[in-house]
Amino acid sequence: MSGLASVFAREARLAWSGGGGPAGPAAFFLAAITLAPLAIGPAPEVLAAAGPGLMGFAALLSVLQSAERLYGDDFADGTLDLYALTPMGLPLLCLAKTLGQGLATLWPLPAIALAGGLMYGVPVQASLMLAAALLAAIPALVLLAGFAGALAAGVRRSGLLIALIAAPLMVPVLIFAAGAGRSGFEGDERALANLGLTAALSLGAIALTPFGIAAAVRSRLG
Amino acid sequence: MSGLASVFAREARLAWSGGGGPAGPAAFFLAAITLAPLAIGPAPEVLAAAGPGLMGFAALLSVLQSAERLYGDDFADGTLDLYALTPMGLPLLCLAKTLGQGLATLWPLPAIALAGGLMYGVPVQASLMLAAALLAAIPALVLLAGFAGALAAGVRRSGLLIALIAAPLMVPVLIFAAGAGRSGFEGDERALANLGLTAALSLGAIALTPFGIAAAVRSRLG
Amino acid sequence: MLSYFSNPQRFDGLARRAIPVLGVLTVLLLAAGVWLSFFGSPPDYQQGETVRIMYVHVPAAYMAMALYAALAGASFVFFVWRHALADAAAEVIAPIGAVFTVLALVTGSLWGKPMWGTWWEWDARMTSVLVLLLVYLGYMALRAALEDAQQAARAGAVLAMAGVINLVIVKFSVEWWSSLHQPASVIRFDGPTIHASQLWPLAVMALGYTMLAAWLVFYRLRSRALIQRARQTERRKLQAARQAQSTEGGLT
Amino acid sequence: MTTALADLPAMPALLPAALDVAGLSLSRGEVRLIADLDLALAPGDALLLTGPNGTGKTTLLRALAGFVRPDRGAVTHEGEPADTIGWLGHADGLKPNETLRQALRFWAGLHGTPRHAILPLLRLLAIDALIDRPAGHLSRGQQRRAALARVALTGRPLWLLDEPAGPLDGAGRERLADLVGWHRGRGGIVIAATHQVLDWPGAKTLALRAAA
Amino acid sequence: MTTALADLPAMPALLPAALDVAGLSLSRGEVRLIADLDLALAPGDALLLTGPNGTGKTTLLRALAGFVRPDRGAVTHEGEPADTIGWLGHADGLKPNETLRQALRFWAGLHGTPRHAILPLLRLLAIDALIDRPAGHLSRGQQRRAALARVALTGRPLWLLDEPAGPLDGAGRERLADLVGWHRGRGGIVIAATHQVLDWPGAKTLALRAAA
Ligand code: HEM
Ligand SMILES: Nc1ncnc2c1ncn2[C@@H]1O[C@H](COP(=O)(O)OP(=O)(O)OP(=O)(O)O)[C@@H](O)[C@H]1O
Ligand SMILES: Nc1ncnc2c1ncn2[C@@H]1O[C@H](COP(=O)(O)OP(=O)(O)OP(=O)(O)O)[C@@H](O)[C@H]1O
Ligand SMILES: [Mg+2]
Ligand SMILES: [Mg+2]
């Protein structure tokens, strides 16, 4: 158990020391939600309606952005070989590693989504619902990104490949998380159900993806 | 001059052989425009209004996605040192390299944007305008991404850093390109002006960014 | 059964005989299916003549999913038993499945124009089939990107198995999200709800598509094996030549 | 130098190690690199893999670690590979932004090795003064030494080292020999691929030859 | 071996080379690595940089190439650095997906060296059989040899080589010596950092010492 904790802590530390921790994803997310209105145009109805979805989509993209380094670095510098030989077993290690990096870098997203929702003219309650849904979605998104990242580790232009692999797997998470925000906006009582489903997907991801990630890592050691 | 051509050809070839050439960005772009409606919801008015902007934004992201490898690989495997010592001079080399990789990988985007526009319910003429605007925007986007990529080469989590550096620089391009699509949609005669401005930005980028990229590369050799 | 085909000669023998049979079956079934679709079935009382697109569309959609299931199954077999033929089958199935997926998308959207007045709608079923296409593309891209054949095989197998989630989504999307698209009416627990005059041409076409896919898979598997064998002999010759050269005292 | 060696703290006893390779055949692409290799190593043994470039030293080490699947034959460890192997590949497995202290504490903790073993090991390898430097600011040879310390901190009995001495200077090679001697004295096994002449007393040599 | 050497085709004549280093001081972080170094090399000269790990060999080479700015002093080349230097760093500068043929054709073309020089050079380095392999499928030493061929194909007079022989086997080191001898015979200069003993006739040695 202390092994799990130390892997988690190390990955969080590495994310801080090398990449500025949460600054990067936060700024990317912020940039995405600021640029989108520039591209979409300023019509308030459109923005408010598209807001929750856009935010969910931007969150997905910022998770993808950092996915490349998640396993790519370890592959290039030989750490992956070492991880495969640890006493705690690869699946547990991958779980701790992925969540350690993911949570250390992505925790500001829900707060920014809340502020962003208000900026887009989404009502307060719906914005809160959106923020909660993002919070619930992050573990699932991060673990799926980790799975794709492990498969594509060290491949040329792996960023694109990872996006292509992970995006389809993330579809359900995206639908429920953005759905929670949207139904919140439309004053719909399905919001809570959507939130619950999002959380359930994250739990499912915690239970299942570590084995997928470990298998992916093993397949790349050959 | 044959040096320029051979650098261009090599980068285009490398983009094909390792990363599947245009398949990656095309698939990423397709994934982005497929997922966005899942998040935003199927309401046709919202989608048609947001369409051109979303497409412009997705194009920007797929350019950014490949930016990390553009100079990051060369930094890691020592090629950047060699490029700095070439007879043709670094700025020209960087121009040829960046455009070679960019054009080899991104040429399908306008065509996909056309199809995507139609799928989002954007009228044919506006979709055509959008595709043309993207075509005009690609050189500028690629060169700006290359500039950011060179600055961040070899830095941990450089993908995020690149997004932060390049995104603000790309804002004007995005505004004019998406603007062309939007004014086309709104039946507005500003569309052509927007298209012209986008092309002008690309020409400006070809004239200026090579020096910026070369300086960025030099700063990373230390 | 598995170990039986691990002998390449034996598989080649089977394939050599199966390919012409499948080819003939494909042509016959498709010809009969097309005839039935156009002349052997009435226009729909609601949809008129456009209903005939169904006979192209529905089997294509069904093949898109069935081939993914086959891809995942072959991947599972390879992952557990390391059976090289299973990996070859997975590699060969993917592009064929992607083509059927494109066919389902194109015919579906051709149908959508007369039926719903739009080429495309972000409806759950249609979108999830588009996502299925992405899964196919991702699988092929991953294999293409990994240079080492062994790594490509193993990583591809892992991804293909994970992608099965998407099949579930395609299948149930119509029930989960209220949708424009038809709910299942042929493959249901309580039996088909479709009229027999439509069921027949549909069934024949579906069988024809299946034979076509099987024919393509066997054909490509065999040509892949032949290419590999040719490469091997070439390499052996090269090696022999080099050995002869080096004993003359040239290089080492 | 031997003073530094004497400084090494008592570390937890090694698990029993033994390696048995029977009829091992390996290939890369379609080229057979190693055919029907038999090999048995007992506690205290050292084996040097030598041979021209491209004869399969790295491939063999990766197969012994279980990363590469053999065409035929078997590698039998006493115990699980994941419990017995200390690995050093061509790459050092260091993070440019992590200091040696941070990195080695992490690896020691993961393997249940007490922290007070770190500093004496670094002293033995003559990089104790660099303990608070990020690995990215070390020279090539300094990085290699740090990676060797990491292997020792795993507390694993079977060390697989791929060109451990490549970027080391003369003194570094002697210190490596000391480290390996200490490990063998505790009942460990060392297998190393090398192009350098390594004077490890009593080490066997397996010279790979170019495939036909 | 000398047969292979005799096979080397006439390549375009080298530009005149000469290197003059006066009062050069270099540091990394806040550590002064090299103080007041004077050095003059004429056509045909070879210089071996030796010294313990971390004494600044790599840093010095990068300064000679113009990548690192000196604290004090000057490096004077005959001609522009960008026209005279052939560089081999710790990394090989190969692309895993590019075959040797593709890569070397590219570099030869970029430097205006005729293509027919490629094959004899690979033959000299004994990797001609691998010419159609992607670089990612080569062993460590094979990659190093390919990188050496690339340096030779630049047709540049001043070669700066950072541990050229690290991953090379014995035969590889001899072939490297042949290559260097050929280059010096044409009026080239070679400076190499090394931990291996390299028997290059008439080569000077600069032994760096650890900073105080
Ligand atoms: C691009 C758009 C479309 C896509 C991607 C698509 C996809 C699919 C899929 C995946 C199935 C198999 C369903 C299953 O077995 O559960 C299917 C069946 C079917 N589709 Fe579509 N479809 C599209 C457009 C349409 C349109 C416009 C119509 C006509 C109104 C239509 C009518 C049907 C019918 C009747 C079935 C058979 C359902 C059954 O009996 O199981 N589809 N389609
Ligand atoms: N992925 C691969 N695909 C095909 N062949 C490969 C691959 N990797 C290595 N090889 C080949 O396998 C052979 C053995 O490689 P290996 O790296 O094991 O050699 P080595 O003995 O470690 O050599 P070196 O001394 O140069 O490090 C080489 O000839 C190499 O070209
Ligand atoms: N970026 C850096 N910041 C601070 N110090 C550095 C940096 N890079 C290297 N150093 C230090 O500078 C010194 C010289 O490094 P250099 O790489 O030149 O050594 P070297 O002689 O090539 O050693 P080796 O034989 O191990 O390759 C080392 O002590 C190293 O720790
Ligand atoms: Mg090796
Ligand atoms: Mg060095």
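From a predicted model like this one, the values you see are computed outputs, not experimental measurements. Chain letters run A, B, ... following the sequence lines, proteins first, then strands; residues in each count from 1. In what follows, every heavy atom counts, from backbone to side chain, and hydrogens, waters and symmetry copies are set aside.
Counting all heavy atoms, side chain and backbone alike, E/Ser139 lies closest to D/Gly54 at OG-N, 3.2 Å.
Comparing D/Gly141, D/Gly56, D/Gly166, D/Ala165 by how many heavy-atom pairs each has under 4.5 Å with chain E, the most go to D/Gly141.
Neither the backbone nor the side chain of D/Leu130 comes within contact range of chain E; no heavy atoms are under 4.5 Å apart. Residue contact with chain E, scored on non-hydrogen atoms closer than 4.5 Å, involves the backbone and the side chain of D/Gln142 alike. Heavy-atom distances place no part of D/Arg144 under 4.5 Å from chain E, backbone and side chain included. Using a 4.5 Å cut-off between heavy atoms, D/Arg145 contacts chain E through its side chain alone, with no backbone atom that close.
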What do the steps show when you test D/Arg140 against E/Asn53 for side chain to side chain donor-acceptor pair (under 3.5 Å), and what is the final call? CA-CA 7 Å; D/Arg140 197 62 197 295; E/Asn53 291 134; over 6 Å; no

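Around atom CG of E/Asp36, more than 12 heavy atoms belonging to other residues, nucleotides or ligands sit under 6.0 Å away.
For the atom pair D/Gln196 CD and E/His195 NE2, the distance stands at 10.0 Å (nearest 0.5 Å). Note that the CG atom of E/Asp169 and the OG1 atom of D/Thr50 stand 10.0 Å from one another [nearest 0.5 Å].
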